[in-house]
Amino acid sequence: MRITDSGNQDMTRRNISFFLFIILCLLFFSCEKKAAETKGIILGFSQIGAESAWRNCNTRSVQEAAAEAGIQLLFFNAEQKQENQIKAIRSFIAYQVDVIAFVPIVTDGWENVLEEAKEAGIPVLVCDREINIQDESLYAGYLGTNMLVQGRSSAEFLIKKYINPDTGKFFTRRNQPVRIVELRGTEGSSPAIMRARGFREALAEYPEFEIIYSESGDFLRSKGYELMCNILEDNIVFDVLYSHNDGMTLGAIEAMKERGIKTDEDIVIVSIDAEQAAINALIRGDINCVVECNPKQGPEIIRLSQLLAKGETIPRMIFMIEEVFTEWDDVLNIGTRGY
Ligand code: AHR
């Protein structure tokens, strides 16, 4: 009896090992198959340009993630022109790529080309900037950052900054409303629209703040510099600079410093992006608050493209994780940004 029992036990053990082996083989081959499936993907990516260090990091992130995943990337730089982006998307359709991803320079005007992509059966992923479109079935989903929240966070910093912690009342230097100068991003782009809207929404209940000047600097450092030169030449007196990106902020700071303004004492500055140069300015005291806009979207763009290429659906909106860095934080320990 004992001999037969141990014989049965041996058989059972061998059977279990065999089944485990088969399961492992199946798992291994299905993983290999998936990797092989996604390796053959062709992704057409239309980038808007190279207007900022943020944008260059965004481009690098996509290129590196595609190379790592073994995905063929057709990359087009639109040099800040919507018509170039539309041409690029049409060429992706003609090339019959598996997925199209694009960063829309502005929110409007995408209907026709996206209908063409839909007719060709090519899924479209909208990246970084949002679009404004009636028929939402014309794109599969959006991956980017929450720009409305970025605008709100900028205002929330100011509210905290100007509230007297002892009395709960606002204090300003002249006992007058806090005068804000706003440098907006590219006209008609979702970051410019949302960052302006979120900022105003958060300040709506606070008459202590007044936006006395608002102009588009196109997300360019050179225009930030130029606009600030004009403001100072026109003797516009202000307390706060709210700028939609670090490039414009750094240009404006340069203009102020050239005219002897002590940016670390005289002006409160809130900037968006969190480039290394802006974090360095926060450490120096030239900037008071930096709201992060995370450009490292490449790995997520590639993951979503792989899902779309397999015919899967993706969430409508995915936002990157972001932080707010202020003068009250341990600024020396923010770490290096990589852009
Ligand atoms: O769309 C994101 C914005 O575009 C970034 O804030 C800005 O720096 C970039 O050029």
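One-based numbering, in listed order, for ligands and for the atoms of each.
Checked against the 6.0 Å centroid criterion, the rings of Trp110 and Tyr139 do not qualify as a close aromatic pair.
Between Glu300 and Arg303, at least one side-chain N (NZ, or NE/NH1/NH2) sits under 4.0 Å from a carboxylate O, which counts as a salt bridge.
Listed by number with element, the atoms of ligand 1 under 4.0 angstrom from any heavy atom of Glu51 are 4 (O), 9 (C), 10 (O). Listed by atom number, the atoms of ligand 1 under 4.0 Å from Pro191 heavy atoms are 1 (O). Residue contact check: Arg129 has heavy atoms under 4.0 Å from atoms 1 (O), 3 (C), 4 (O), 9 (C), 10 (O) of ligand 1.
Distances shorter than 4.0 angstrom occur between a heavy atom of Arg195 and an atom of ligand 1. Not a single heavy atom of Ile272 sits under 4.0 Å from any atom of ligand 1.
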Self-check item: Test ring-ring contact (aromatic ring centres under 6.0 Å, His included) applied to Phe102 and Phe92, step by step
Solution: CA-CA 11 Å; Phe102 79 115; Phe92 297 151; 9.5 Å; no

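Taken together through direct or relayed side-chain contacts under 4.5 Å among Ile, Leu, Val, Met, Phe, Trp and Tyr, Trp54 and Leu250 form parts of separate hydrophobic clusters.
Panel note: side chain Arg316, backbone Glu136; a donor-acceptor pair is recorded below 3.5 Å.
Protein heavy atom closest to atom 8 (O) of ligand 1, with residue, atom name and distance, is Asp273 OD2, 2.6 Å.
The structure places CG of Asn288 at 5.0 Å from NZ of Lys161, a figure rounded to the nearest 0.5 Å.
At least one N or O atom of Asp128, backbone or side chain, sits closer than 3.5 Å to an N or O atom of ligand 1.
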